[in-house]
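When reading the values below, keep in mind they use all heavy atoms of this one structure, side chains included, and skip hydrogens, waters and symmetry mates.
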Amino acid sequence: MDDKFLKPYDPQATEDKIYQKWEDSGFFNPDKCVEAGICSADAETFSIVLPPPNVTGTLHMGHAAMLAIEDIIVRFNRMRGKKTLWIPGTDSAAIATQSKVESEIYKKEKKTRYDIGREELMKRINVFTEDSKSIILNQLRKMGSSLDWSRYAYTLDEKRYHAVMTAFVRMYEAGLIYRGARIVNWDPALQTTVSDDEMVRKETKDKFYYLKYGPFIIGTARPETKFGDKYVVMHPDDKRYSKYKHGDKIELEWINGPITATIIKDSAVDMEFGTGVMTITPWHDLTDFEIAERHDLDKEQIIDYNGKLLPIAGEFKGMHIKKARDLIVEKLEKKGLVESIDEGYVHSLSINDRGGATIEPQIKEQWFIDVDKEFVLEDSKIEGIRSGSSTTLKKLMKKTVESGQIDILPERFKKTYYHWIDNLRPWCISRQIWFGHRIPVWYKDKKMYVGVKEPEKAGWEQDPDTLDTWFSSGLWTFSTLGWPETTSDLTEYHPTNVLETGYDIIFFWVARMILMSGFHLGDTPFKTVYLHGLVRDEKGQKMSKSIGNIIDPLDMIQKYGGDATRLSLIIGVAPGNDLKLSENKIKGYKHFANKIWNISRFILSNIENSELKERPPLTEKDEGLLRELEETVRSATEDIEKYRLDLAADKIYQYIWHSLADVILEESKEVLNGEDSYEKLSRKWTLYEILTTSLKLLHPFMPYVTEEIWSSLPKKDRELLMVTKWPAHIN
RNA sequence: GGGCGGUUAGCUCAGUUGGUAGAGCGCGUCAUUGACGUUGAUGAGGUCAGAGGUUCGAAUCCUCUACCGCCCACCA
């Protein structure tokens, strides 16, 4: 027996060394496994992409949970003899990264991005992301992740750039990408649009004003937008206003003097709300915009892109809307146009989740993806859509899940997914930030050129906007495998088997990947979507810097080891449920790592190498122990196949601690100290069998300690436990 | 406003096609130089949120109610 077993298990002294050993073996890369004969060249493949962490900072417990789950799945499949590939990568996270760097620069130097210019900003961002990237890659290793580093990808590297440009051009040529003036979510602070999904709503208490608008009373929370209101809208069925006809003109006195208003009848108006009459501001409100579109009404901009009032505001011109509101109300009061004010109006404001500013809807020329436009899918592997038939992105996204070609776990998220698709509007993909993939469109005079490469002749100017970061993320399952080239990786490993990610990004990412893969490959990006929950603190609160309840994965690994950290994030959490984590839980599993260590010590110290050569005749009792073991293998394997890692881990834990240690070993002491040599030999052989099988079972969950013990075993099938065959069982 | 989830031992959660309630942590008692200073044995503790229904039988299926949480939404 190795002397190391005389001391308690020490994760700090072990883990980095073990990781290095794995990495040096090359077996994270399936090609090397084939070369070494660990799996056959035509073995079934198993592939999964790592949801690329943002290069904005460091990994948190949510990442740690994701890594633990994925690594367990990957190690399990690798041990089952599949050609297993897990692709690492990082994401540029355009808006989040740029705004973080910008605010750092502003804090230190009081300069904005316009002061330092596009080129200099890019330089600063690159320095920042490079630093951040190396921290992240180190953290991924610390968790024990068996990622194939030779296939590492970054959303902004050259290959991914090429994929993104190609995707844009092809979708443009199919008519699915178009430029148009629509109402968008404008962030006046970051000076960019953001997508619907990037906004969060925040409940706010405001004043609500009832204003006299000719013969009507209209309500508004935003008097500063009302300068241009010249349409008054009511429901066509509203009897109170049946004397007014659509198109009627009325003269009335308004903020800056007399105006002519036009009556519009539209069923978007809620008769129950307020007086059932409203005026519209199509430039700054989506509902109003859509009403205006339906009736072909004028749209006027009231607020500029910095949040200041335009000349239409008369004397208030140039004033910031925040300052202007009270002054405008004051003027309206003087003119006797204020009917009443409701002080306690609660409504929700849209905030940019990536920067924090209040969103101002604006009409802007932007690039959009049309999710409702018919196109012909030439080569389709999607069930229910024939090759050469016509479809839309929306239909395609729905079909793949409805047909069961993509399975979403847990089941309940399918409904959430359908609901989102049904309400999906055109996806605005252009951003007015500098960090990201620049849109491959060039302008010269009145001409426009769309292409993967810049036009050769001089004088063309590229569109200044960049693409929404989720556009490139949407390509991730296949851009990482070499698309648009037809690489062997792409044919072998796509569609990937599982996409494992948090339920909070089902719309941002999961849906976008299905969209992109459907259009560009006529296929699904993955077969199963496995969604995990959020990691919260022990009271169930979200972990955040301001509350100060963050548990840092690196600290925990330092204190209790990577194995313990992993297990604490798995056991006791059903798929899709949030996890309440406490330091105590992690500590508990450190004890478990030591338990298996000591079990090994006991067994190894009681056997001689010579006794393991071949299977001796076994006692009935020992046959029984092996059947119990086999039942554990069968049942744990089944749980992992169903992605119930929590149940599998718990079962293995129960078996090792409470069957193997508490019962089997206790009882073995008597047998081993006894006189019956037949019984003794049978038991020794059986204990060793149970130990090796237990190590295999536990390996995906606690890879470090199991590998370290494995390295000291006198007899084994393969040098590295990581690539040893998963124990067989009778189904 | 629409939808989803949760409510099971002090705490965190399991409970797989309905068959007399489970685990971990914590707690009580006893043992222990023990392979494990990170151990073992044993015990206490639950009308499975509430009400009604289906059934021979319900934590599990159906209906309603209450509370907690989450997501979506164009009530100005």
Contact list (N/O, under 3.5 angstrom) for nucleotides 8-12 of chain B vs protein:
none

Quiz item: Salt bridge between A:Glu224 and A:Lys322, side-chain N to carboxylate O under 4.0 Å?
Solution: no

Practice problem: Would you mind checking if A:Asp639 and A:Lys651 are paired as a salt bridge, meaning a charged N to carboxylate O distance below 4.0 Å? | Solution: yes

Quiz item: Heavy atoms under 4.0 Å, any strand shown: does A:Lys587 hit a base, just sugar-phosphate, or nothing?
Solution: nothing

Quiz prompt | Length of the CD1-C1' vector between A:Ile596 and B:U38, whole Å | solution = 14 Å

Quiz prompt | Length of the line joining A:Asp650:CG and B:C13:C1', which is rounded to integer Å | solution = 10 Å

Quiz prompt | A:Arg601 side-chain proximity, nearest of B:C4, B:A35, B:G24 | solution = B:A35

Quiz item: Does A:Glu290 come within less than 4.0 Å of A:Arg294, counting only side-chain N to carboxylate O?
Solution: no

Quiz item: Base, sugar-phosphate alone, or nothing: which one does A:Asp662 contact when heavy atoms must sit under 4.0 Å apart?
Solution: sugar-phosphate

Exercise. Report the stems of RNA chain B as range-with-range entries sorted by first number; a stem here is at least three consecutive pairs, Watson-Crick or G-U wobble, both distances under 3.5 Å, and write none if there are none.
Key: B:1-7 with B:66-72, B:10-13 with B:22-25, B:27-31 with B:39-43, B:49-53 with B:61-65

Quiz item: Taking all atoms of both residues into account, what is the closest heavy-atom pair of A:Lys265 and A:His295, and its distance?
Solution: O-CE1, 3.5 Å

Exercise. Could you work out the separation of B:U55 and B:C74 based on their C1' atoms and round it to a whole Å?
Key: 48 Å

Exercise. Say whether A:Gln301 and A:Gln362, considering side chains only, have a donor N or O and an acceptor N or O under 3.5 Å apart.
Key: yes

Exercise. Would you mind telling me which of B:G24, B:G37, B:C36 lies closest to the side-chain atoms of A:Gln654?
Key: B:G24

N/O contacts under 3.5 Å, protein versus nucleotides 67-76 of chain B?
from	atom 1	to	atom 2	distance (Å)
B:C74	OP1	A:Arg425	NH1	3.0
B:C74	OP2	A:Arg201	NH2	3.4
B:C74	O4'	A:Thr287	OG1	3.3
B:C74	O2'	A:Thr287	OG1	2.4
B:C75	O2	A:Asp270	OD2	2.3
B:A76	OP1	A:Tyr345	OH	3.4
B:A76	OP2	A:Tyr345	OH	2.5
B:A76	O5'	A:Tyr345	OH	3.0
B:A76	N6	A:Asp270	O	3.1
B:A76	N6	A:Phe273	O	3.0
B:A76	N1	A:Asp270	N	3.3

Practice problem: Taking atom P in both B:G10 and B:G50, compute the distance separating them and give it to the nearest angstrom. | Solution: 14 Å

Practice problem: Report yes if at least one side-chain N or O of A:Lys595 is closer than 4.0 Å to OP1 or OP2 of B:G40; otherwise report no. | Solution: yes

Quiz item: Judged by modelled atom types alone, do A:Asn185 and A:Ser350 share a side-chain donor-acceptor pair under 3.5 Å?
Solution: no

Exercise. Could you measure between the two P atoms, the one in B:C4 and the one in B:C27, and give it in whole Å?
Key: 42 Å

Self-check item: Ionic contact status for A:Glu708 with A:Lys4, cut-off 4.0 Å
Solution: yes

Self-check item: B:G22 to B:A44 separation - P atoms, rounded to the nearest Å
Solution: 13 Å

Quiz item: In terms of the angle between their ring planes, are A:Tyr213 and A:Trp254 parallel, tilted or perpendicular, with boundaries placed at 30° and 60°?
Solution: perpendicular

Exercise. Please measure how far the C1' atom in B:U12 lies from the corresponding atom in B:G6, and state the result in whole Å.
Key: 14 Å

Quiz item: Does a donor on one side chain and an acceptor on the other come within less than 3.5 Å for A:Tyr530 and A:Asp407?
Solution: no

Quiz prompt | Polar pair under 3.5 Å, donor/acceptor by atom type, side chain A:Lys415, base B:C4 | solution = no

Quiz item: Looking across every strand, which nucleic acid part, if any, lies under 4.0 Å from A:Glu666 by heavy atom: base, sugar-phosphate, or nothing?
Solution: base

Quiz item: Looking at A:Glu583 and A:Lys559, does any basic side-chain N land under 4.0 Å from a carboxylate oxygen?
Solution: yes

Exercise. Please check if any side-chain donor atom of A:Glu628 sits under 3.5 Å from a side-chain acceptor atom of A:Ser659, or the reverse.
Key: yes

Quiz item: Given atom NZ of A:Lys414 and atom C1' of B:G3, what is their separation to the nearest angstrom?
Solution: 17 Å

Quiz item: Rounded to whole angstrom units, what separation is found between the CD1 atom of A:Ile570 and the C1' atom of B:A14?
Solution: 15 Å

Quiz item: Any salt bridge between A:Arg683 and A:Glu689, counting N to O under 4.0 Å?
Solution: no

Practice problem: Starting at atom CG of A:Asn584, determine the distance to atom P of B:C27, rounded to an integer number of angstrom. | Solution: 10 Å

Quiz item: Does A:Trp657 make a side-chain N or O approach to OP1 or OP2 of B:G40 shorter than 4.0 Å?
Solution: yes

Exercise. Please work out if A:Leu581 contacts a base, only the sugar-phosphate, or nothing of the nucleic acid, heavy-atom cut-off 4.0 Å.
Key: nothing

Quiz item: What closest approach, in Å, do A:Leu534 and A:Asp578 show between heavy atoms, and which atom pair accounts for it?
Solution: N-OD1, 2.9 Å

Practice problem: Using the P atom on both, measure B:A49 against B:G15 and round to a whole Å. | Solution: 15 Å

Quiz item: Which nucleotide in the list B:A14, B:C36, B:A41 gets nearest to the side chain of A:Asn598?
Solution: B:C36

Quiz item: Going by atom types only, do A:Asp468 and A:Trp427 share a side-chain donor-acceptor pair under 3.5 Å?
Solution: yes

Practice problem: Would you mind reading off the distance between A:His658 atom NE2 and B:U42 atom C1', rounded to a whole angstrom? | Solution: 14 Å

Quiz item: To the nearest angstrom, how far is A:Glu667 atom CD from B:A41 atom P?
Solution: 14 Å

Exercise. Between B:C70 and B:G57, how far apart are the C1' atoms? Round to whole Å, please.
Key: 36 Å

Quiz item: How close or far is atom P of B:C25 from atom OH of A:Tyr589, stated in whole angstroms?
Solution: 8 Å

Quiz prompt | Distance below 4.0 Å between A:Asn577 side-chain N/O and B:A14 OP1 or OP2 | solution = yes

Practice problem: Considering only atom C1', compute the distance from B:G28 to B:G45 and round it to an integer number of Å. | Solution: 11 Å

